[in-house]
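One structure below.
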Number of protein chains: 2
Amino acid sequence: MTTPDDLGWLTRKLRSIDRVSTEEQRAVENLPFTKKRLEGGQDIVREKDQPTQCCLILDGWACRYKLLSEGKRQILSFHIAGDIPDLQSLHLKVMDHNLATVTPCTVALIPHEGVHDLVRRFPGICGVLWRDTLVDAAIFREWMTGIGRRSAYGRIAHLFCEIYVKMNAIGLADDYRCEWPITQVDIADALGLSNVHVNRVLQDLRSRKLISLRGRALVIENWDALREAAEFDPLYLHLEP
Amino acid sequence: MTTPDDLGWLTRKLRSIDRVSTEEQRAVENLPFTKKRLEGGQDIVREKDQPTQCCLILDGWACRYKLLSEGKRQILSFHIAGDIPDLQSLHLKVMDHNLATVTPCTVALIPHEGVHDLVRRFPGICGVLWRDTLVDAAIFREWMTGIGRRSAYGRIAHLFCEIYVKMNAIGLADDYRCEWPITQVDIADALGLSNVHVNRVLQDLRSRKLISLRGRALVIENWDALREAAEFDPLYLHLEP
DNA sequence: CGTCGTATTGAATGGGTTCAAGTAGCGTGG
DNA sequence: CCACGCTACTTGAACCCATTCAATACGACG
């Protein structure tokens, strides 16, 4: 699979979750945008902001998170190329959470006006973008279920499954290997655990030969066992077959 | 505030989260539907179903939930009059969770085709319904944060705040009182706790005079203290001011 | 008046946290 | 080229919030 150019990442993502006609694809790729390079660990949009544009990830990893008292943090989602993590800002004027880079990122900032104009001209695209935000919500539901009712072991296994499948769907992972720039602290904040416990569970997963995780590289050594430990069913990702 | 008739519940709900013109309101209230009466504790739509209609609550309480192995259950949301809990099925063909009644309910079943037709004719309504699903997702984010990072005490307090504010927004609650048909088991499954612990925390909340909860009636005795205990900020509900 | 769902209580247990210390890896600059 | 500093990772031990198990009480309803 070749590497798309700029807005091509967006159409590839959209085509991974829905059908997009050639004409629609062309219209999407003609959206106005400005490209921007960002450091890792940098806020892009903050809670209470009222953005007038949305942020398409072209390269790197981002996450959304909320902060509570005493420095507690909940990571709500991770995002990769093709995602528009703040697409909801199109209809929700005030941000109820933060969006930040995890690694250095290249992003395309797309003015809301451009998107409004696009969906006015292409009702089909409106449906696809709406669907994108609905898949987003479906992932929240799955995470909520994991945090509420799965063991730490199952939760972490589940996260590995999800990220790999999402990466694979846009051609950024294959052969049960993918980039893994997410720290143990990030995993902890995403899954409602402590970093110490994440560390211990990771060692457990490694010693059982389900995964290996060195540096920034994840290798799933035993997909079936991992999926079973996670009770992972990709239905909720609503990927196009 | 008077009690709306059938689809009037929907327009009231939509007007609590966005602006709706008189013309749009009329169009919404002309949606085709069939009315249905349901028992409490009954599934309406199940995981893996492919519904062709969506379900507007007219009376009673509903919830969405997922099931895991060993009978573990995660409740994802509670719903009251005016909500369309499965609106996402408009664009996500397969259900990734279940929808069930909590109490006996009256619902209006609205064919997808009717909604598609409506949003084709009224792009403004498309935006409002999209926004409705985005608020839904915003609530998921808040719950995720609560389950992941709040104490049991804070989580339960937060749920009381949220439900009261939502009920109040559509005119079903006032004066810090509202109906409360949700059992302790339900609260436990919604917040990732055990029913035993919910019981103990409720006693604590009562003994501190933050709430009283007898039978099916919730009274918030000390709103400020409850809000503080919950770190509740209604921003995420994105209500129209 | 029995029955079933819901709520309550006590006691033992445990999954995960917290605290505290130490190690490994890596880029930077003198 | 190594010392320094920074961040991420690792380990051990004590602790605790919440669970589990088990029994009991309540209350609505046929």
Side-chain angles (χ1 to χ4, degrees), chain A residues 39-42 61 63 68-75 100-104 146-157 159 179-207 211-218 229, chain B residues 39-42 61 63 68-75 100-104 146-157 159 179-207 211-218 229:
Chain A
E39 299 298 305
Q42 187 179 343
W61 293 55
C63 74
L68 277 73
S69 61
E70 299 159 46
K72 282 177 291 190
R73 179 174 72 141
Q74 177 66 44
I75 289 180
T101 59
V102 172
T103 68
I147 298 171
R149 287 296 181 224
R150 269 190 250 270
S151 68
Y153 189 81
R155 263 180 259 185
I156 294 177
L159 183 64
E179 193 196 352
W180 190 270
I182 299 172
T183 68
Q184 296 182 2
V185 172
D186 291 336
I187 298 176
D189 285 345
L191 302 181
L193 299 167
S194 70
N195 59 341
V196 173
H197 197 57
V198 168
N199 182 277
R200 289 180 174 130
V201 172
L202 285 179
Q203 290 176 50
D204 195 5
L205 282 165
R206 279 188 279 235
S207 74
I211 59 150
S212 74
L213 191 59
R214 278 187 312 280
R216 299 176 102 240
L218 166 69
Chain B
E39 300 298 304
Q42 188 180 342
W61 293 56
C63 74
L68 277 74
S69 61
E70 298 160 46
K72 283 177 290 189
R73 180 174 71 142
Q74 178 66 44
I75 290 181
T101 59
V102 172
T103 67
I147 299 170
R149 288 295 182 224
R150 268 189 252 270
S151 68
Y153 189 82
R155 264 181 258 185
I156 294 178
L159 182 64
E179 193 196 353
W180 191 269
I182 300 172
T183 68
Q184 295 182 3
V185 172
D186 292 335
I187 298 176
D189 284 346
L191 302 181
L193 299 167
S194 70
N195 58 342
V196 174
H197 197 57
V198 167
N199 182 278
R200 289 179 174 130
V201 172
L202 285 179
Q203 290 176 52
D204 194 5
L205 282 164
R206 279 189 278 237
S207 74
I211 58 150
S212 73
L213 191 58
R214 278 186 314 280
R216 289 171 56 107
L218 166 69

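Just so you know, these numbers come straight off a predicted model, no measurement behind them. Throughout, a chain's letter reflects where its sequence line sits, starting with A, and its residues are numbered from 1. When reading the values below, keep in mind they use all heavy atoms of this one structure, side chains included, and skip hydrogens, waters and symmetry mates.
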Between the base of D:dG12 and the side chain of A:Arg200, is one N or O donor paired with an acceptor at under 3.5 angstrom? yes
- Message: Is the shortest side-chain heavy-atom distance between B:Thr101 and B:Glu39 below 4.5 Å?
- Response: no
Specify the separation, in whole Å, of atom [atom1] of [X] and atom [atom2] of [N].
{"X": "B:Ile182", "N": "C:dG5", "atom1": "CD1", "atom2": "C1'", "result": "17 Å"}
{"X": "A:Asp204", "N": "D:dT10", "atom1": "CG", "atom2": "P", "result": "13 Å"}
{"X": "A:Lys72", "N": "C:dG16", "atom1": "NZ", "atom2": "P", "result": "18 Å"}
{"X": "A:Glu70", "N": "C:dT17", "atom1": "CD", "atom2": "C1'", "result": "14 Å"}
{"X": "A:Ile156", "N": "C:dG16", "atom1": "CD1", "atom2": "C1'", "result": "11 Å"}
{"X": "B:Arg150", "N": "C:dG16", "atom1": "CZ", "atom2": "C1'", "result": "20 Å"}
{"X": "A:Arg149", "N": "D:dT20", "atom1": "CZ", "atom2": "C1'", "result": "13 Å"}

- prompt: Phosphate oxygens OP1/OP2 of C:dA7: is one of them under 4.0 Å from a side-chain N or O of B:Gln203?
  reply: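 Looking at the OP1 and OP2 atoms of C:dA7, neither is under 4.0 Å from any side-chain N or O of B:Gln203.
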Is A:Asn199 near enough to D:dC9 that one of its side-chain N or O atoms lies under 4.0 angstrom from OP1 or OP2?
no
With a 4.0 Å cut-off on heavy atoms, is A:Arg206 in touch with a base, just the backbone sugar-phosphate, or nothing at all?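 Contact class for A:Arg206: sugar-phosphate only.
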Taking D:dT10, C:dG16, C:dT8 as options, the one with an atom nearest any side-chain atom of A:Ala152 is C:dG16
Considering all heavy atoms, the nearest [X]-[Y] contact:
{"X": "B:Leu202", "Y": "B:Ile156", "value": "CD2-CG2, 4.0 Å"}
{"X": "B:Asp186", "Y": "B:Arg73", "value": "OD1-NH2, 3.0 Å"}
{"X": "B:Thr103", "Y": "B:Pro181", "value": "CG2-CB, 3.4 Å"}

Contacts under 3.5 angstrom, residues 192-201 of chain A side chains, donor-acceptor by atom type, not counting sequence neighbours:
residue: A:Ser194; atom: OG; partner: A:His197; partner atom: N; Å: 3.2
residue: A:Asn199; atom: OD1; partner: A:Gln203; partner atom: NE2; Å: 2.4
residue: A:Asn199; atom: ND2; partner: A:Gln184; partner atom: OE1; Å: 3.0

Nearest 0.5 Å, what's the [atom1]-[atom2] distance between [X] and [Y]?
{"X": "A:Arg149", "Y": "B:Asp189", "atom1": "CZ", "atom2": "CG", "value": "5.0 Å"}
{"X": "A:Arg206", "Y": "A:Ile211", "atom1": "CZ", "atom2": "CD1", "value": "6.0 Å"}
{"X": "B:Arg155", "Y": "B:Arg150", "atom1": "CZ", "atom2": "CZ", "value": "9.5 Å"}
{"X": "A:Leu159", "Y": "A:Ile75", "atom1": "CG", "atom2": "CD1", "value": "9.5 Å"}

Give me, pair by pair, the N or O atoms of the protein and of nucleotides 24-30 of chain D that are less than 3.5 Å apart, along with how far apart they are.
none

Within residues 183-198 of chain A, residues whose heavy atoms come under 4.0 Å of DNA chain C: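 Per residue number, the list reads A:Gly192, A:Leu193, A:Ser194, A:Val196, A:His197.
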